Amino acid sequence: MTIQRPRGTRDFLPDDTWRRGQVRKAMKDVLERWGYQEISTPTFEHLELFTIKSGESVTEEIYSFKDKGGRDIALRPELTAPVMRMYVSELQNAPKPQRLYYYGSCFRYERPQRGRFREFWQLGAELIGGNKPDSEAEVIALADGMLKSVGIKADIHIGYLGLIRSMLSKVPQEQRIAIMRMIDKKERENLQAYLGDIGADYLGLVELIDLKGRFALDKALELSRDLEKATDASKLPVEQASTVSTTSLGNDPGILDSPPLSGRASARTCREVAAEYGLEKFQKMVDLLDAYGVDATIDFEIVRGLEYYSGTVFEIYASDLGSQKQICGGGTYELCSLFGGAETSSTGFGLGFDRIMEIVELESKRKVPVVLVFTPDVKQEAIKVAKELRNAVPLVLDVMGRGLGAQLKAAAGFGAEHVVIVGRNELDSGKLTLRDMKSGEQESLTLGEIAEKLAGKYQCT
RNA sequence: GCCGGGAUAGGGUAGUGGUUAUCCUGAGGGACUGUGGAUCCCUCGAGCUGGGUUCGAAUCCCGGUCCCGGCCCCA
């Protein structure tokens, strides 16, 4: 009986690992060109880091345990919180903005299915220290560039929480939470009915989220004007919703338990984040995206359900991925104060690396190393030759004690394109035999000539 | 947590109660002593797991594990 992998985990064979490496490298190249710097954080953290950010309910989906010192430890379920923790403790006084990126595995105790595993990889970026339209546009354009670099065609949907939060400032908080949830869940009928029940039809929310693209923006501008008028007239204290409150967990059971909420509700009750009209900011951002040449759909239905997002939010979808088609999510948020730092806006995103791997198509294939074939009587010399050639190309040589014929046979089975043959004749003449395994042609060349000839064909990546 | 479909050598498979479990591929060894995947020979290697029904179970029934797809959820 062999030992199995734990549920929801995967082994990556050499080919898989190579493919993942290629994709990762292509996307990292883009990040580096945009001036982002890689960081890494621990695989496990104090459980508290994640419950502070997302509420106690997340513990249900976290791999957590008590260590031998009695500490509550969690395998990280995401990377934003660790990155922000690191920023608060190490980088608060560094020049802003900070452009950072990360790649690493995360763990969630969930039911595995297509594009969803218990250990999965995220590649993400954070631009910390600004909330201007410029930051948001840069980050979205960066995500777009990364996906394009690996040939993925994706739909980018961008929303703006400033407007919706402002609209919702007119209704009590519990209702706000319920409404956000219904928008996020795309429960249109329920939303319509609920807004009717509480007499909030006049907000025009359903109309707004039904529109996509340019029309959505026009509608938003219209609603924004109405909103200003209404506010002026009634002198409603907009600050009620605009105040940044750093109150941590909302432990009010009345709110947590109020139907029809569950799950994310606790996350939303964590805190209030600044809400402002600022629709012109969003418009500027859209114009900048245009300059970047990014094709995005304006979609106010994107609310990302999380209380700490404050400005632009976005999600990216890939069509042929079935039910788990979202490959990227991000936005502008304020998390620093939760971890004890001065409040700072950041914009960032996380890419679901495994889902991307399901849809990328790689044109290149991995090169099989050159095989050095030798007659057993010159093994010592062959090893010295191998050592030299390895400066130029990846190369393997027999360790199975095979004779020349068997070595060639093995090289053919191995899929080698080139074989270098070393025997007494070659050593005496000073020229080695280079055999092209496809054509069967052989030529006599010096070690240097072989190295030069093959180097270009076996560039290690 | 819920619903559906699965699980037979390393990979791919056949087999609806009957005793040595099918075939392909693969891997290792040998023949072959300085030139190819051929051929020949030998070897290795399997019914997820635990119960039950039965004279007898890969096959039928139940539990569990894992995989695939869909819900719930997705910080």
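First the proteins, then the strands, lettered A, B, ... as listed; each starts at 1. Computed from a prediction, not measured in an experiment: that's the story for all the values here.
- Figure legend. B/rC72 is base-paired to no nucleotide; pairs are counted as Watson-Crick or G-U wobble with both atom distances under 3.5 Å.
- For A/Arg116 against B/rC73, a side-chain N or O and a base N or O form a donor-acceptor pair under 3.5 Å.
- The side chain of A/Pro77 lies closest to B/rA75, out of B/rA31, B/rA75, B/rU35.
- Taking atom P on both B/rC62 and B/rA7, the two are 15 Å apart, rounded to the nearest angstrom.
- Nearest to the side chain of A/Phe117, among B/rU35, B/rC68, B/rU39, sits B/rC68.
- Salt bridge A/Arg85/A/Glu45: present, at least one basic N to carboxylate O contact under 4.0 Å.
- Counting any heavy atom pair closer than 4.0 Å across all strands shown, A/Glu61 reaches a base atom.
- When the nucleotides B/rG28, B/rG34, B/rC68 are ranked by their closest atom to the side chain of A/Asn425, B/rG34 comes out on top.
- Side-chain atoms of A/Leu404 lie closest to B/rU35 of the nucleotides B/rC72, B/rU35, B/rG29.
- A donor and an acceptor atom sit less than 3.5 Å apart, one in the side chain of A/Glu426 and one in the base of B/rG34.
- Residue contacts shown for A/Gly403 are absent, as no nucleic acid heavy atom lies under 4.0 Å away.
- Looking at A/Arg435 and A/Glu441, no side-chain N of the basic residue comes within less than 4.0 Å of a carboxylate O on the acidic one, giving no salt bridge.
- Between B/rG10 and B/rA46, the two C1' atoms lie 11 Å apart (nearest whole Å).
- The nearest whole Å value for the distance from the CZ atom in A/Phe374 to the C1' atom in B/rU35 is 15 Å.
- Rounded to an integer number of Å, the gap from CZ of A/Arg7 to P of B/rC66 is 5 Å.
- Atom NZ of A/Lys212 has more than 12 neighbouring heavy atoms from other residues, nucleotides or ligands inside a 6.0 Å radius.
- Nucleotides B/rG29 and B/rG37 have their P atoms positioned 15 Å apart, rounded to a whole Å.
- Enclosure of atom CD in A/Glu452 is not indicated, since only 12 or fewer non-hydrogen atoms of other residues, nucleotides or ligands lie within 6.0 angstrom.
- Using a 4.0 Å heavy-atom distance criterion, A/Asp377 is classed as making no nucleic acid contact.
- Atom P of nucleotide B/rC68 and atom CZ of A/Arg10 are separated by 9 Å, given to the nearest angstrom.
- Base pairing analysis places B/rA31 opposite B/rU39; the two distances defining the Watson-Crick or G-U wobble pair are each below 3.5 Å.
- Following rounding to the nearest Å, A/Arg118 (CZ) and B/rG1 (P) show an atom-to-atom distance of 9 Å.
- For A/Met400 and A/Lys438, each mapped to the nucleotide of RNA chain B holding its nearest heavy atom, the one lying further toward the 5' end belongs to A/Met400.
- At a cut-off of 3.5 angstrom, counting only N and O atoms as typed in the model, there is no donor on one side facing an acceptor on the other between the side-chain of A/Arg5 and the base of B/rC66.
- The C1' atoms of B/rC66 and B/rG47 are separated by 16 Å, rounded to the nearest whole Å.
- The side chain of A/Arg111 sits closest to B/rG70 out of B/rG36, B/rG70, B/rG29.
- Looking at heavy-atom distances under 4.0 Å, A/Gln407 makes no contact with the nucleic acid at all.
- Across B/rA58 and B/rU8, the matching P atoms stand 15 Å from one another, rounded to whole Å.
- Here the P atom of nucleotide B/rA75 and the NZ atom of A/Lys53 are 8 Å apart, to the nearest Å.
- Under the Watson-Crick and G-U wobble criteria, each requiring two contacts below 3.5 Å, nucleotide B/rC60 is paired to B/rG52.
- Per the geometry, CD belonging to A/Gln4 stands 11 Å off P belonging to B/rC48, to the nearest Å.
- Only the P atoms considered, B/rC3 is 11 Å distant from B/rG64, to the nearest whole Å.
- Look at OH on A/Tyr317: it is 14 Å from P on B/rC74, rounded to the nearest Å.
- Across every strand in view, B/rA7 sits in a pair with B/rU65 that passes the Watson-Crick or G-U test at under 3.5 angstrom.
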> Hey, mind stepping through A/Asp354 and A/Arg10 against salt bridge (Lys or Arg N to Asp or Glu O under 4.0 Å) and telling me if it holds?
Replying inline: CA-CA 11 Å; A/Asp354 305 285; A/Arg10 290 157 296 162; 2.9 Å; yes
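- Within 4.0 Å of A/Gly329, counting heavy atoms only, lies no atom of the nucleic acid at all.
- For the atom pair CG (A/Leu161) and OG1 (A/Thr332), the distance works out to 9.0 Å, reported to the nearest 0.5 Å.
- Between B/rC67, B/rG69, B/rG36, one nucleotide has an atom nearer to the side chain of A/Arg114 than all others, and that is B/rG69.
- With P as the reference atom, B/rU59 and B/rG18 are 11 Å apart, rounded to whole Å.
- Residue A/Arg435 places its side chain closer to B/rG36 than to any other of B/rC74, B/rG34, B/rG36.
- In this structure, A/Glu110 places its CD atom 14 Å from P of B/rC67, rounding to the nearest Å.
- The pairing partner recorded for B/rC44 is B/rG26, the criterion being a Watson-Crick or G-U wobble arrangement whose two distances lie under 3.5 angstrom.
- Using a 4.0 Å cut-off, some side-chain N or O of A/Arg181 falls inside it from OP1 or OP2 of B/rC73.
- The side chain of A/Lys185 lies closest to B/rC73, out of B/rC73, B/rG69, B/rG34.
- A/Glu78 and A/Arg108 are not joined by a salt bridge, as no carboxylate oxygen comes within less than 4.0 angstrom of a charged side-chain nitrogen.
- Summarising the base pairing, B/rU13 is matched to no nucleotide, lacking a Watson-Crick or G-U wobble pair whose two defining distances lie under 3.5 Å.
- Across the P atoms, B/rG17 and B/rC60 are found 9 Å apart, a figure rounded to whole Å.
- Counting heavy-atom neighbours within 6.0 Å of A/Glu38 CD, excluding the residue itself, gives a total above 12.
- Using a 4.0 Å heavy-atom cutoff across all strands shown, A/Gly423 reaches at least one base atom of the nucleic acid.
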